[in-house]
Protein chains: 2
Amino acid sequence: MPQPVAAEKTALSVGEIARRCDIPVSTVHFYETEGLIRSWRTAANHRRYSRHVLRRIAVIKVAQRTGIALRDIKQALAVLPEDSAPTAAQWQAMSRQWQTLLQQKIADLNVLQQQLDSCIGCGCLSLTDCPLRNPGDCRAKETVEVVGY
Amino acid sequence: MPQPVAAEKTALSVGEIARRCDIPVSTVHFYETEGLIRSWRTAANHRRYSRHVLRRIAVIKVAQRTGIALRDIKQALAVLPEDSAPTAAQWQAMSRQWQTLLQQKIADLNVLQQQLDSCIGCGCLSLTDCPLRNPGDCRAKETVEVVGY
DNA sequence: GCTTGACCTCAAGTTAAGTTGAGGTCTTAT
DNA sequence: ATAAGACCTCAACTTAACTTGAGGTCAAGC
(Lines give C-alpha, C1' and ligand atoms only; values in the text may rest on other atoms or scores of the structure.)
Protein backbone atom coordinates (compact mmCIF):
# COMPACT_ATOMS: atom_id res chain seq x y z
CA MET A 1 0.00 0.00 0.00
CA PRO A 2 2.31 2.80 -1.21
CA GLN A 3 1.25 6.21 0.04
CA PRO A 4 1.58 9.55 -1.72
CA VAL A 5 3.62 12.08 0.22
CA ALA A 6 0.49 14.14 0.90
CA ALA A 7 -1.21 11.22 2.64
CA GLU A 8 1.70 10.80 5.04
CA LYS A 9 0.97 14.24 6.45
CA THR A 10 -2.59 13.44 7.51
CA ALA A 11 -2.10 9.76 8.24
CA LEU A 12 -3.42 8.38 11.52
CA SER A 13 -1.96 5.87 13.93
CA VAL A 14 -3.97 2.93 15.19
CA GLY A 15 -4.47 4.70 18.50
CA GLU A 16 -5.82 7.82 16.81
CA ILE A 17 -8.22 5.79 14.72
CA ALA A 18 -9.40 3.94 17.80
CA ARG A 19 -9.96 7.13 19.79
CA ARG A 20 -11.77 8.94 17.01
CA CYS A 21 -14.00 6.01 16.13
CA ASP A 22 -14.51 5.14 19.79
CA ILE A 23 -13.52 1.52 19.37
CA PRO A 24 -10.66 -0.45 20.96
CA VAL A 25 -7.31 -0.67 19.21
CA SER A 26 -7.81 -4.42 19.05
CA THR A 27 -10.92 -3.89 16.98
CA VAL A 28 -9.06 -1.73 14.49
CA HIS A 29 -6.49 -4.52 14.18
CA PHE A 30 -9.31 -6.99 13.79
CA TYR A 31 -10.98 -5.04 11.00
CA GLU A 32 -7.66 -4.89 9.24
CA THR A 33 -7.00 -8.62 9.45
CA GLU A 34 -10.53 -9.12 8.16
CA GLY A 35 -9.76 -6.94 5.18
CA LEU A 36 -12.30 -4.20 5.91
CA ILE A 37 -9.61 -1.53 6.16
CA ARG A 38 -5.98 -1.24 5.10
CA SER A 39 -2.83 0.40 6.36
CA TRP A 40 0.79 0.87 5.50
CA ARG A 41 3.72 0.79 7.88
CA THR A 42 6.21 3.32 9.18
CA ALA A 43 9.92 2.56 9.47
CA ALA A 44 9.20 1.39 13.03
CA ASN A 45 6.59 -1.06 11.73
CA HIS A 46 3.72 1.00 13.09
CA ARG A 47 0.41 1.07 11.19
CA ARG A 48 -0.60 4.23 9.40
CA TYR A 49 -4.11 4.76 8.16
CA SER A 50 -5.46 7.10 5.54
CA ARG A 51 -8.05 9.47 7.02
CA HIS A 52 -10.58 7.82 4.72
CA VAL A 53 -10.45 4.84 7.03
CA LEU A 54 -12.50 6.92 9.47
CA ARG A 55 -15.35 6.90 7.00
CA ARG A 56 -15.04 3.19 6.38
CA ILE A 57 -15.28 2.48 10.09
CA ALA A 58 -18.22 4.88 10.39
CA VAL A 59 -19.95 2.85 7.68
CA ILE A 60 -19.11 -0.38 9.48
CA LYS A 61 -20.67 0.90 12.70
CA VAL A 62 -23.79 2.14 10.99
CA ALA A 63 -24.27 -1.11 9.12
CA GLN A 64 -23.69 -3.17 12.24
CA ARG A 65 -26.39 -1.25 14.07
CA THR A 66 -28.82 -2.53 11.49
CA GLY A 67 -27.64 -6.08 12.05
CA ILE A 68 -25.63 -6.53 8.88
CA ALA A 69 -22.80 -9.08 9.13
CA LEU A 70 -19.18 -7.98 8.68
CA ARG A 71 -18.93 -10.31 5.71
CA ASP A 72 -21.64 -8.33 3.92
CA ILE A 73 -20.31 -4.99 5.08
CA LYS A 74 -16.96 -5.90 3.60
CA GLN A 75 -18.59 -6.64 0.29
CA ALA A 76 -20.43 -3.33 0.26
CA LEU A 77 -17.30 -1.43 1.27
CA ALA A 78 -15.49 -2.92 -1.69
CA VAL A 79 -17.03 -0.32 -3.98
CA LEU A 80 -15.56 2.55 -1.95
CA PRO A 81 -12.01 3.69 -2.72
CA GLU A 82 -9.45 2.98 -0.01
CA ASP A 83 -7.55 6.19 -0.28
CA SER A 84 -9.90 8.93 -1.33
CA ALA A 85 -13.39 10.26 -0.78
CA PRO A 86 -15.97 8.28 -2.74
CA THR A 87 -17.57 9.79 -5.79
CA ALA A 88 -21.32 10.28 -5.74
CA ALA A 89 -21.67 7.21 -7.92
CA GLN A 90 -19.54 5.06 -5.63
CA TRP A 91 -21.40 6.16 -2.56
CA GLN A 92 -24.71 5.49 -4.23
CA ALA A 93 -23.60 2.04 -5.31
CA MET A 94 -22.93 1.16 -1.71
CA SER A 95 -25.78 2.88 0.05
CA ARG A 96 -28.37 1.59 -2.40
CA GLN A 97 -27.72 -1.85 -0.94
CA TRP A 98 -28.30 -0.55 2.56
CA GLN A 99 -31.44 1.31 1.50
CA THR A 100 -33.17 -1.80 0.25
CA LEU A 101 -32.13 -3.74 3.29
CA LEU A 102 -33.20 -0.98 5.65
CA GLN A 103 -36.55 -0.68 3.96
CA GLN A 104 -37.09 -4.40 4.31
CA LYS A 105 -36.16 -4.33 7.96
CA ILE A 106 -38.43 -1.39 8.66
CA ALA A 107 -41.31 -3.07 6.88
CA ASP A 108 -40.64 -6.26 8.79
CA LEU A 109 -40.64 -4.51 12.14
CA ASN A 110 -43.83 -2.65 11.30
CA VAL A 111 -45.53 -5.93 10.52
CA LEU A 112 -44.39 -7.39 13.81
CA GLN A 113 -45.59 -4.37 15.71
CA GLN A 114 -48.95 -4.54 14.00
CA GLN A 115 -49.13 -8.19 14.90
CA LEU A 116 -48.33 -7.68 18.55
CA ASP A 117 -51.01 -5.01 18.62
CA SER A 118 -53.72 -7.38 17.54
CA CYS A 119 -52.51 -9.96 20.01
CA ILE A 120 -52.84 -7.44 22.79
CA GLY A 121 -56.36 -6.81 21.60
CA CYS A 122 -57.46 -10.39 21.90
CA GLY A 123 -55.26 -11.45 24.78
CA CYS A 124 -54.83 -14.85 23.24
CA LEU A 125 -53.22 -16.24 20.12
CA SER A 126 -56.18 -17.01 17.96
CA LEU A 127 -55.08 -18.93 14.93
CA THR A 128 -57.16 -16.91 12.52
CA ASP A 129 -56.11 -13.50 13.77
CA CYS A 130 -52.76 -13.80 15.39
CA PRO A 131 -49.71 -13.64 13.17
CA LEU A 132 -47.63 -15.02 15.97
CA ARG A 133 -48.96 -18.47 15.21
CA ASN A 134 -46.49 -20.64 13.34
CA PRO A 135 -46.83 -19.78 9.66
CA GLY A 136 -45.92 -23.30 8.64
CA ASP A 137 -47.93 -25.06 11.31
CA CYS A 138 -50.17 -27.03 9.00
CA ARG A 139 -50.49 -30.05 11.27
CA ALA A 140 -52.48 -27.87 13.65
CA LYS A 141 -55.35 -27.82 11.17
CA GLU A 142 -55.67 -31.58 11.44
CA THR A 143 -55.89 -31.73 15.16
CA VAL A 144 -58.33 -30.94 17.89
CA GLU A 145 -56.19 -28.46 19.76
CA VAL A 146 -56.37 -26.08 16.82
CA VAL A 147 -57.99 -23.26 18.78
CA GLY A 148 -55.49 -21.78 21.17
CA TYR A 149 -52.25 -23.46 22.06
CA MET B 1 -43.56 -30.44 36.42
CA PRO B 2 -46.64 -32.45 37.39
CA GLN B 3 -49.25 -32.48 34.67
CA PRO B 4 -53.03 -32.58 35.06
CA VAL B 5 -54.64 -35.56 33.37
CA ALA B 6 -56.18 -33.30 30.71
CA ALA B 7 -52.77 -31.99 29.63
CA GLU B 8 -51.52 -35.51 28.98
CA LYS B 9 -54.08 -35.87 26.22
CA THR B 10 -52.83 -32.93 24.18
CA ALA B 11 -49.18 -33.12 25.16
CA LEU B 12 -46.58 -32.99 22.40
CA SER B 13 -43.34 -34.90 21.93
CA VAL B 14 -40.11 -33.10 21.14
CA GLY B 15 -40.40 -34.19 17.53
CA GLU B 16 -43.89 -32.76 17.21
CA ILE B 17 -42.82 -29.47 18.72
CA ALA B 18 -39.86 -29.33 16.37
CA ARG B 19 -41.99 -30.05 13.31
CA ARG B 20 -44.71 -27.60 14.17
CA CYS B 21 -42.32 -24.81 15.07
CA ASP B 22 -40.05 -25.62 12.15
CA ILE B 23 -36.93 -25.82 14.26
CA PRO B 24 -34.54 -28.75 14.86
CA VAL B 25 -35.12 -31.09 17.78
CA SER B 26 -31.73 -30.03 19.11
CA THR B 27 -32.98 -26.46 19.35
CA VAL B 28 -35.99 -27.54 21.38
CA HIS B 29 -33.61 -29.31 23.73
CA PHE B 30 -31.45 -26.23 23.81
CA TYR B 31 -34.33 -23.92 24.71
CA GLU B 32 -35.23 -26.29 27.48
CA THR B 33 -31.75 -26.40 28.97
CA GLU B 34 -31.74 -22.61 28.78
CA GLY B 35 -34.96 -22.50 30.76
CA LEU B 36 -37.12 -20.88 28.08
CA ILE B 37 -39.51 -23.82 27.99
CA ARG B 38 -40.26 -26.76 30.27
CA SER B 39 -41.34 -30.37 29.89
CA TRP B 40 -42.20 -33.41 31.95
CA ARG B 41 -41.24 -36.99 31.18
CA THR B 42 -43.08 -40.13 30.20
CA ALA B 43 -42.36 -43.51 31.74
CA ALA B 44 -39.85 -44.05 28.92
CA ASN B 45 -38.06 -40.82 29.85
CA HIS B 46 -39.35 -39.02 26.76
CA ARG B 47 -40.09 -35.32 26.98
CA ARG B 48 -43.68 -34.13 26.87
CA TYR B 49 -44.58 -30.53 26.26
CA SER B 50 -47.74 -28.63 26.99
CA ARG B 51 -49.27 -27.22 23.83
CA HIS B 52 -48.63 -23.76 25.30
CA VAL B 53 -44.99 -24.34 24.54
CA LEU B 54 -45.86 -23.74 20.90
CA ARG B 55 -46.78 -20.18 21.77
CA ARG B 56 -43.65 -19.67 23.79
CA ILE B 57 -41.51 -20.79 20.89
CA ALA B 58 -43.51 -18.59 18.52
CA VAL B 59 -42.72 -15.67 20.78
CA ILE B 60 -39.05 -16.62 20.86
CA LYS B 61 -38.90 -16.66 17.07
CA VAL B 62 -40.66 -13.34 16.71
CA ALA B 63 -38.42 -11.69 19.27
CA GLN B 64 -35.30 -13.12 17.68
CA ARG B 65 -36.27 -11.66 14.33
CA THR B 66 -36.08 -8.26 15.94
CA GLY B 67 -32.63 -9.02 17.29
CA ILE B 68 -33.54 -9.55 20.93
CA ALA B 69 -31.15 -11.83 22.84
CA LEU B 70 -32.43 -15.10 24.31
CA ARG B 71 -31.51 -13.84 27.75
CA ASP B 72 -33.98 -10.98 27.37
CA ILE B 73 -36.59 -13.14 25.72
CA LYS B 74 -36.43 -15.47 28.68
CA GLN B 75 -37.05 -12.60 31.01
CA ALA B 76 -40.05 -11.41 29.03
CA LEU B 77 -41.45 -14.94 28.79
CA ALA B 78 -41.30 -15.19 32.55
CA VAL B 79 -44.58 -13.29 32.83
CA LEU B 80 -46.41 -15.87 30.71
CA PRO B 81 -47.83 -18.97 32.42
CA GLU B 82 -46.13 -22.23 31.50
CA ASP B 83 -49.22 -24.35 31.33
CA SER B 84 -52.12 -22.21 30.20
CA ALA B 85 -53.03 -19.47 27.78
CA PRO B 86 -51.97 -16.07 29.05
CA THR B 87 -54.57 -13.65 30.33
CA ALA B 88 -54.94 -10.36 28.52
CA ALA B 89 -52.99 -8.70 31.31
CA GLN B 90 -50.14 -11.19 31.12
CA TRP B 91 -49.88 -10.89 27.39
CA GLN B 92 -49.91 -7.13 27.60
CA ALA B 93 -47.20 -7.16 30.26
CA MET B 94 -44.96 -9.05 27.90
CA SER B 95 -45.78 -7.42 24.59
CA ARG B 96 -45.55 -3.93 26.01
CA GLN B 97 -41.82 -4.55 26.39
CA TRP B 98 -41.57 -5.60 22.76
CA GLN B 99 -43.65 -2.64 21.59
CA THR B 100 -41.30 -0.10 23.09
CA LEU B 101 -38.30 -1.93 21.77
CA LEU B 102 -39.79 -2.28 18.32
CA GLN B 103 -40.71 1.37 18.19
CA GLN B 104 -37.18 2.29 19.13
CA LYS B 105 -35.73 0.03 16.48
CA ILE B 106 -38.07 1.36 13.82
CA ALA B 107 -37.25 4.94 14.74
CA ASP B 108 -33.54 4.09 14.68
CA LEU B 109 -33.74 2.53 11.25
CA ASN B 110 -35.71 5.45 9.89
CA VAL B 111 -33.04 7.82 11.09
CA LEU B 112 -30.35 5.74 9.45
CA GLN B 113 -32.26 5.63 6.20
CA GLN B 114 -32.75 9.37 6.27
CA GLN B 115 -29.07 9.76 6.90
CA LEU B 116 -28.01 7.56 4.04
CA ASP B 117 -30.33 9.57 1.82
CA SER B 118 -28.57 12.82 2.54
CA CYS B 119 -25.23 11.18 2.02
CA ILE B 120 -26.34 10.07 -1.41
CA GLY B 121 -27.28 13.66 -2.10
CA CYS B 122 -23.89 15.07 -1.33
CA GLY B 123 -21.72 12.16 -2.38
CA CYS B 124 -19.33 12.84 0.43
CA LEU B 125 -19.43 12.75 4.19
CA SER B 126 -19.60 16.39 5.08
CA LEU B 127 -19.20 16.78 8.79
CA THR B 128 -22.00 19.29 9.09
CA ASP B 129 -24.58 17.32 7.12
CA CYS B 130 -23.69 13.69 7.26
CA PRO B 131 -24.81 11.72 10.28
CA LEU B 132 -22.43 8.97 9.35
CA ARG B 133 -19.59 10.97 10.80
CA ASN B 134 -18.40 9.79 14.18
CA PRO B 135 -20.69 11.32 16.75
CA GLY B 136 -17.93 11.40 19.32
CA ASP B 137 -15.21 12.54 16.97
CA CYS B 138 -14.28 15.75 18.74
CA ARG B 139 -10.61 15.66 17.85
CA ALA B 140 -11.63 16.28 14.25
CA LYS B 141 -12.68 19.80 15.14
CA GLU B 142 -9.15 20.62 16.25
CA THR B 143 -7.43 19.49 13.13
CA VAL B 144 -7.01 20.57 9.57
CA GLU B 145 -8.51 17.51 7.96
CA VAL B 146 -11.89 18.41 9.38
CA VAL B 147 -13.62 18.73 6.02
CA GLY B 148 -14.01 15.30 4.51
CA TYR B 149 -12.18 12.28 5.75
C1' DG C 1 20.25 5.08 31.23
C1' DC C 2 15.98 3.89 32.47
C1' DT C 3 11.16 4.08 32.69
C1' DT C 4 6.84 5.07 30.30
C1' DG C 5 3.64 4.86 26.62
C1' DA C 6 2.41 3.49 22.20
C1' DC C 7 3.07 0.19 19.26
C1' DC C 8 4.03 -4.84 17.43
C1' DT C 9 2.77 -10.30 16.85
C1' DC C 10 0.56 -14.43 17.72
C1' DA C 11 -2.14 -17.60 20.24
C1' DA C 12 -5.79 -18.47 23.07
C1' DG C 13 -10.09 -17.19 25.36
C1' DT C 14 -15.09 -15.45 25.29
C1' DT C 15 -20.20 -15.19 24.35
C1' DA C 16 -24.28 -16.35 21.88
C1' DA C 17 -26.93 -19.57 19.85
C1' DG C 18 -26.94 -23.51 18.36
C1' DT C 19 -25.22 -28.11 15.85
C1' DT C 20 -23.06 -32.59 15.59
C1' DG C 21 -21.80 -37.02 17.04
C1' DA C 22 -21.17 -41.12 19.72
C1' DG C 23 -23.27 -44.45 22.28
C1' DG C 24 -27.54 -46.26 24.31
C1' DT C 25 -32.89 -47.26 25.12
C1' DC C 26 -37.75 -48.33 23.67
C1' DT C 27 -41.53 -49.44 20.72
C1' DT C 28 -43.49 -50.86 16.55
C1' DA C 29 -43.85 -52.92 12.04
C1' DT C 30 -42.25 -56.94 9.04
C1' DA D 1 -36.89 -61.42 16.51
C1' DT D 2 -34.98 -57.99 14.43
C1' DA D 3 -34.58 -53.67 12.12
C1' DA D 4 -36.20 -48.94 11.87
C1' DG D 5 -37.48 -44.78 13.88
C1' DA D 6 -38.06 -41.70 17.71
C1' DC D 7 -36.17 -40.73 21.70
C1' DC D 8 -32.31 -40.19 25.49
C1' DT D 9 -27.50 -37.98 27.44
C1' DC D 10 -23.30 -35.69 27.31
C1' DA D 11 -19.37 -33.71 25.35
C1' DA D 12 -17.35 -31.39 21.78
C1' DC D 13 -17.55 -28.58 17.80
C1' DT D 14 -19.05 -24.22 15.03
C1' DT D 15 -19.39 -19.19 13.66
C1' DA D 16 -19.20 -14.34 14.44
C1' DA D 17 -17.04 -10.72 16.31
C1' DC D 18 -14.15 -9.60 19.21
C1' DT D 19 -11.00 -9.51 23.65
C1' DT D 20 -7.12 -10.79 26.43
C1' DG D 21 -2.54 -11.94 27.40
C1' DA D 22 2.27 -12.90 26.94
C1' DG D 23 6.38 -11.38 25.32
C1' DG D 24 8.97 -7.95 22.63
C1' DT D 25 10.38 -3.26 20.05
C1' DC D 26 11.10 1.69 19.90
C1' DA D 27 11.29 6.80 20.88
C1' DA D 28 10.85 10.42 24.26
C1' DG D 29 11.30 12.54 28.71
C1' DC D 30 13.68 12.85 33.38
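A note on names: the letters A, B, ... follow the listed sequences, proteins ahead of strands, and every chain is numbered from 1.
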Self-check item: Option passing side chain to side chain donor-acceptor pair (under 3.5 Å) with Ser39(B) (candidates His29(B), Glu32(B), Arg48(B), Glu82(B))
Solution: Glu32(B)

Quiz item: Under 3.5 Å, is there a donor-acceptor pair between the Tyr49(A) and Glu16(A) side chains?
Solution: no

Practice problem: Have a look at Gln64(B) and say if it touches a base, only the backbone sugar-phosphate, or nothing, with a 4.0 Å heavy-atom cut-off. | Solution: sugar-phosphate

Exercise. Could you check how far CD1 of Ile17(B) sits from P of dC8(D), rounded to whole Å?
Key: 12 Å

Restricting to nitrogen or oxygen on both sides, can you table the protein-nucleotides 9-14 of chain C pairs closer than 3.5 Å?
unit_1, atom_1, unit_2, atom_2, d
dT9(C), OP1, Arg41(A), NH1, 3.2
dT9(C), OP1, Arg41(A), NH2, 3.0
dT9(C), OP2, Arg47(A), NH1, 3.0
dT9(C), OP2, Arg47(A), NH2, 2.6

Quiz item: Over how many whole Å does the gap from Lys61(A) atom NZ to dC18(D) atom P extend?
Solution: 11 Å

Exercise. Report the distance from atom CG of Leu36(A) to atom P of dA16(D), rounded to the nearest whole Å.
Key: 13 Å

Quiz prompt | Contact nearer the 5' end of DNA chain C, comparing Ile60(B) with Ala44(B) | solution = Ile60(B)

Quiz prompt | Approximate separation, where rounding is to 0.5 Å, of Gln90(A) CD and Ser84(A) OG | solution = 6.5 Å

Practice problem: Would you mind classifying the nucleic acid contact of Val14(B) as base, sugar-phosphate or nothing, using non-hydrogen atoms under 4.0 angstrom? | Solution: sugar-phosphate

Practice problem: Report the distance from atom CD of Glu34(A) to atom C1' of dA17(D), rounded to the nearest whole Å. | Solution: 8 Å

Practice problem: Grab the CD1-P distance between Ile37(A) and dC18(D) for me, whole Å please. | Solution: 12 Å

Quiz prompt | Separation of Thr66(B) OG1 from Asp72(B) CG (nearest 0.5 Å) | solution = 10.0 Å

Quiz item: Is there a donor-acceptor contact under 3.5 Å from the side chain of Arg56(B) to the main chain of Leu80(B)?
Solution: yes

Quiz prompt | Neighbours of DNA chain C within residues 67-75 of chain B, by heavy-atom distance under 4.0 Å | solution = Ala69(B), Leu70(B), Arg71(B)

Quiz prompt | Check: Arg47(B) side chain, Arg38(B) main-chain N or O, donor-acceptor pair, under 3.5 Å | solution = no

Practice problem: Determine the contact category for Ser26(B): base if any of its heavy atoms lies under 4.0 Å from a base atom, sugar-phosphate if only primed atoms, P, OP1 or OP2 are that close, otherwise nothing. | Solution: base

Quiz item: Counting distance only, does the side-chain N/O of Lys105(B) pair as donor-acceptor with the main-chain N or O of Thr100(B) below 3.5 Å?
Solution: no

Quiz prompt | Short side-chain N/O contact from Tyr31(B) to OP1 or OP2 of dG18(C), under 4.0 Å | solution = yes

Quiz item: Within the side chain of Thr27(B), is there an N or O that forms a donor-acceptor pair under 3.5 Å with the backbone of Ile23(B)?
Solution: no

Quiz item: Which whole-number value in Å describes the distance from Arg19(A) CZ to dC7(C) P?
Solution: 7 Å

Practice problem: Could you tell me the separation between the CG atom of Leu12(B) and the C1' atom of dC7(D), rounded to a whole number of Å? | Solution: 15 Å

Quiz item: Rounded to the Å, how far apart are Ile23(A) CD1 and dA17(D) P?
Solution: 14 Å

Quiz item: Would one find a side-chain N or O of Ser13(A) under 4.0 angstrom from OP1 or OP2 of dC7(C)?
Solution: yes

Quiz prompt | Side-chain donor/acceptor of Lys74(A) to backbone N/O of Ile37(A), under 3.5 Å | solution = no

